[in-house]
S.K.: 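Quick one: the structure is below, and I'll ask about it shortly.
Here the structure is a predicted model, which is why all the values come from computation and not from measurement.
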Amino acid sequence: MTISKKPLWLILAPVTFTFLWAGGYGIAKVGLQYAEPMTLLSMRFSFVVILLIPFYFFFKPSLPQRMADWLHLVVVGVLVQAVYFGFCWWAFRSGVSAGVLAIFMSLQPILVAILAPKLAQEKVSWLRWLGLLLGLTGVLIVIIARSDIEPPTLIGVSFSILGLLGITSGVLYEKRFGGGYHPIVANMVQYAAGFAVVAPIALTFETMQVNWTVEFFAALGYLAIGNSILAMSLLLAMIRAGEVSRVSSLMFLVPPLAALFGWVLLDEEMPLFAWAGMAVAAIGVLIVSRNRTA
């Protein structure tokens with residue numbers, strides 16, 4: 001019997017991605033203290049593309065051969081970069097905390113588990129619906145627990161939901177139409193697509209003013225290199241390697257980690273009752289993850 005050994009990077013990828021992804025919530029909110037959402041996103045996306053250009057010429061990865069393949073990369077870029085990050089950062093500016101937004105986004109693997117079988121014409125088990133119910137209940141508990149500290153706003157919750165739909169749609173589209181292109185090519189095209197969407201919004205509706213501080217440069221560097229290049233490359237690689245279930249099984253760690261980052265970086269409080277809500281949502285994610293891999 002032959003035993004296939006996974007490369008070390010693929011074994012470590014889910015944990016590495018989880019920490020990089022969780023840190024992005026609090027650090028993005030730090031960056032937003034010095035620049036408006038679409039302005040900061042435009043800078044982040046352009047910075048990523050500029051950083052990747054030398055790597056492209058050094059490695060010379062293959063480019064898509066068909067117009068449809070270019071289009072698929074662009075669609076994923078718009079959904080994940082512009083829609084997901086755009087609405088999430090608007091949610092931050094509307095008063096949503098790093099921990100609350102992260103627990104909204106932790107519902108993504110639950111939605112993927114429910115919607116993906118629908119696309120494949122498979123039956124959705126009652127356990128998946130239970131996981132979704134627990135996840136939503138956990139979100140509600142956290143919002144209620146923090147209402148005395150930070151009353152929720154309809155616009156903030158709406159932006160959070162739209163961001164969740166963006167990342168869920170992006171993952172499903174990548175799973176269905178992803179062509180397995182080199183991460184350098186995929187990232188360059190997708191971040192360029194994201195820039196093409198958010199830059200006109202910034203130019204039209206924002207002042208484009210930036211407070212150039214050390215903290216801002218540190219946040220921008222992390223968001224561009226750690227969150228954009230490293231985390232997104234790992235996510236795309238894991239999707240294509242069939243390791244999404246392992247990522248989903250760790251997504252329950254993102255909200256508490258994001259809440260810890262928010263506490264350290266932004267002094268955002270998370271009452272004991274809110275941690276109970278995170279635990280409820282985590283149980284929902286775990287139920288769905290176990291059900292997917294069974």
S.K.: Might you point out which heavy atoms bring Pro61 and Val185 nearest each other, and give the distance in Å?
M.R.: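 It is CG-CG2, 3.5 Å.
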S.K.: Checking side-chain contact (heavy atoms from CB on, under 4.5 Å) against Val96, which of Leu101, Ile143, Ile155 comes through?
M.R.: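 The option that passes is Leu101.
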S.K.: Quick one: closest heavy-atom pair of Ala258 and Ala102, and the distance?
M.R.: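 Of all heavy-atom pairs spanning Ala258 and Ala102, the closest is CB-CB, 3.5 Å.
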S.K.: Do you reckon Val15 sits in the same ILVMFWY cluster as Ile229, going by side-chain contacts under 4.5 Å, direct or chained?
M.R.: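 Same cluster: Val15 reaches Ile229 through Ile, Leu, Val, Met, Phe, Trp or Tyr contacts under 4.5 Å.
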S.K.: Between Leu134 and Val280, which heavy-atom pair has the shortest distance, and what is it?
M.R.: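 In this case the closest contact between Leu134 and Val280 is O-CG1, 3.4 Å.
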S.K.: So does Trp263 have more than 12 non-hydrogen atoms from other groups sitting under 6.0 Å from CH2?
M.R.: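 Atom CH2 in Trp263 is not packed in, count stays at 12 or less.
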S.K.: Heavy-atom count around Glu206 CD within 6.0 Å, excluding the residue itself: above 12?
M.R.: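 Atom CD in Glu206 is crowded, with more than 12 foreign heavy atoms closer than 6.0 Å.
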S.K.: To the nearest 0.5 Å, what is the distance between CG on Leu203 and CE on Met38?
M.R.: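 Reported value, rounded in 0.5 Å steps: 12.5 Å.
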S.K.: Kindly say whether Met208 contributes a backbone atom to a donor-acceptor pair with the side chain of Glu36 at under 3.5 angstrom?
M.R.: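 Yes, because the side chain of Glu36 sits within donor-acceptor range (under 3.5 Å) of the backbone of Met208.
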S.K.: If you round to the nearest 0.5 Å, how far is CG of Leu140 from CD1 of Ile103?
M.R.: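 Answer rounded to 0.5 Å: 10.5 Å.
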S.K.: Not counting sequence neighbours, list each pair that qualifies as a ring-ring contact (aromatic ring centres under 6.0 Å, His included) and has a residue in residues 35-60.
M.R.: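 Qualifying pairs: Phe45-Tyr191.
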S.K.: Taking atom OH of Tyr173 and atom OG of Ser169, what is their separation to the nearest 0.5 Å?
M.R.: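 Going from OH on Tyr173 over to OG on Ser169, the span is 11.5 Å.
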S.K.: Among the clusters formed by ILVMFWY side chains lying less than 4.5 Å apart, do Leu133 and Ile144 turn up in the same one?
M.R.: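 Cluster IDs for Leu133 and Ile144 differ.
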S.K.: Would the distance check show the side chain of Thr204 and the main-chain N or O of Ile201 forming a donor-acceptor pair, the cut-off being under 3.5 Å?
M.R.: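 It does not hold such a pair.
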S.K.: Between Lys29 and Glu268, does any side-chain N to carboxylate O distance fall below 4.0 Å?
M.R.: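 Salt bridge flag = yes for Glu268 with Lys29.
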S.K.: Any chance CZ of Phe177 has more than 12 other-residue heavy atoms, nucleotides or ligands included, within less than 6.0 Å?
M.R.: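 Buried by this count: over 12 neighbours within 6.0 Å.
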S.K.: Yes or no on side-chain contact (heavy atoms from CB on, under 4.5 Å) for Ser97 and Val100, after CA distance, side-chain angles and deciding distance?
M.R.: CA-CA 5 Å; Ser97 72; Val100 170; 3.2 Å; yes
S.K.: Report the distance from atom CG of Leu111 to atom OG1 of Thr168, rounding to the nearest 0.5 Å.
M.R.: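 With rounding to 0.5 Å, CG (Leu111) is 4.5 Å from OG1 (Thr168).
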S.K.: So does Leu223 get a backbone contact from the side chain of Ser228, meaning a donor-acceptor N/O pair under 3.5 Å?
M.R.: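 Present.
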S.K.: Quick one: list whatever passes ring-ring contact (aromatic ring centres under 6.0 Å, His included) with Phe87, sequence neighbours left out.
M.R.: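 Counting only residues at least two positions away or on another chain, Phe87 forms a ring-ring contact (aromatic ring centres under 6.0 Å, His included) with Trp90, Phe159.
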S.K.: Within the side chain of Arg44, is there an N or O that forms a donor-acceptor pair under 3.5 Å with the backbone of Ala224?
M.R.: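 Absent.
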S.K.: Kindly indicate, with the supporting measurements, whether the criterion side-chain contact (heavy atoms from CB on, under 4.5 Å) is fulfilled by His182 and Ser62.
M.R.: CA-CA 7 Å; His182 195 283; Ser62 300; over 6 Å; no
S.K.: Strictly distance-based, threshold 3.5 Å: is any side-chain N or O of Tyr84 a donor or acceptor partner for the main-chain N or O of Gly170?
M.R.: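 No; zero donor-acceptor contacts below 3.5 Å.
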S.K.: Measure the CG-CG distance between Leu73 and Leu63 for me, rounded to the nearest 0.5 Å.
M.R.: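 Between atom CG of Leu73 and atom CG of Leu63 there are 10.0 Å.
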S.K.: Taking all non-hydrogen atoms of both residues, which atom of Phe273 and which atom of Ala145 are closest, and how far apart?
M.R.: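 In terms of heavy atoms, the two residues are closest at CD2-CB, 3.7 Å.
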S.K.: Give a yes or no on whether the backbone of Pro14 and the side-chain of Thr18 come within a donor-acceptor separation of less than 3.5 Å.
M.R.: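 Pair found, side chain donor or acceptor close to backbone of Pro14.
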S.K.: Quick one: do Leu220 and Ile50 end up in the same hydrophobic cluster if we chain Ile, Leu, Val, Met, Phe, Trp and Tyr together by side-chain heavy atoms under 4.5 Å apart?
M.R.: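 No; tracing contacts between hydrophobic side chains, which count when under 4.5 Å, never links both residues.
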S.K.: Are side-chain heavy atoms of Phe217 and Trp212 found at a separation under 4.5 Å?
M.R.: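 Phe217 reaches Trp212 side chain to side chain.
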S.K.: Who pairs with Phe19 by ring-ring contact (aromatic ring centres under 6.0 Å, His included), at least two apart in sequence or on another chain?
M.R.: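 Applying ring-ring contact (aromatic ring centres under 6.0 Å, His included) to Phe19 gives none.
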S.K.: Side-chain heavy atoms under 4.5 Å apart, restricted to Ile/Leu/Val/Met/Phe/Trp/Tyr: what other residues fall into the cluster of Val214, or is it alone?
M.R.: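 Other cluster members: none.
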S.K.: Show the numbers, then the answer: is there a side-chain contact (heavy atoms from CB on, under 4.5 Å) between Val83 and Leu162?
M.R.: CA-CA 8 Å; Val83 178; Leu162 290 172; 5.8 Å; no
S.K.: Closer than 3.5 angstrom, by distance alone: can the side chain of Trp21 be matched with the main-chain N or O of Asn227 as a donor-acceptor pair?
M.R.: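 It does not hold such a pair.
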S.K.: Would you mind reporting whether Met188 and Ile184 have side-chain heavy atoms less than 4.5 Å apart?
M.R.: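 Yes - at least one pair of side-chain heavy atoms lies under 4.5 Å apart.
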S.K.: Can you tell me how far apart CG (Leu266) and OH (Tyr25) are? Round to the nearest 0.5 Å.
M.R.: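 It is 14.5 Å, given to the nearest 0.5 Å.
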S.K.: Is it true that a side-chain atom of Gln81 and a backbone atom of Leu79 form a donor plus acceptor pair closer than 3.5 Å?
M.R.: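 No; judged by distance alone, with no hydrogens or angles, the pair does not exist.
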S.K.: At their closest point, which heavy atom of Leu32 faces which heavy atom of Pro37, and how far apart are they?
M.R.: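 Reported closest heavy-atom pair: CD2-CA, 3.5 Å.
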S.K.: Taking side chain as C-beta onward, heavy atoms only, is Met278 less than 4.5 Å from Met270?
M.R.: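 Yes, at least one pair of side-chain atoms sits under 4.5 Å.
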S.K.: Taking all heavy atoms of Ala91 and all of Gly156, pick out the closest pair and write down the distance.
M.R.: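 Smallest heavy-atom distance, with atoms named: CB-O, 3.8 Å.
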S.K.: Could you work out, with ring-ring contact (aromatic ring centres under 6.0 Å, His included) as the rule, every residue matching Phe195, not counting sequence neighbours?
M.R.: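 By the ring-ring contact (aromatic ring centres under 6.0 Å, His included) rule, Phe195 matches no residue at all.
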S.K.: I'd like to check Val157 versus Phe104 (side-chain heavy atoms, cut-off strictly below 4.5 Å). Are they in contact?
M.R.: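 A side-chain contact under 4.5 Å exists here.
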S.K.: Using the side chain to side chain contact (heavy atoms under 4.5 Å, CB included) criterion, which residues pair with Asn211? Sequence neighbours excluded.
M.R.: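 For Asn211, the residues satisfying side chain to side chain contact (heavy atoms under 4.5 Å, CB included) (neighbours in sequence not counted) are Tyr34, Thr213.
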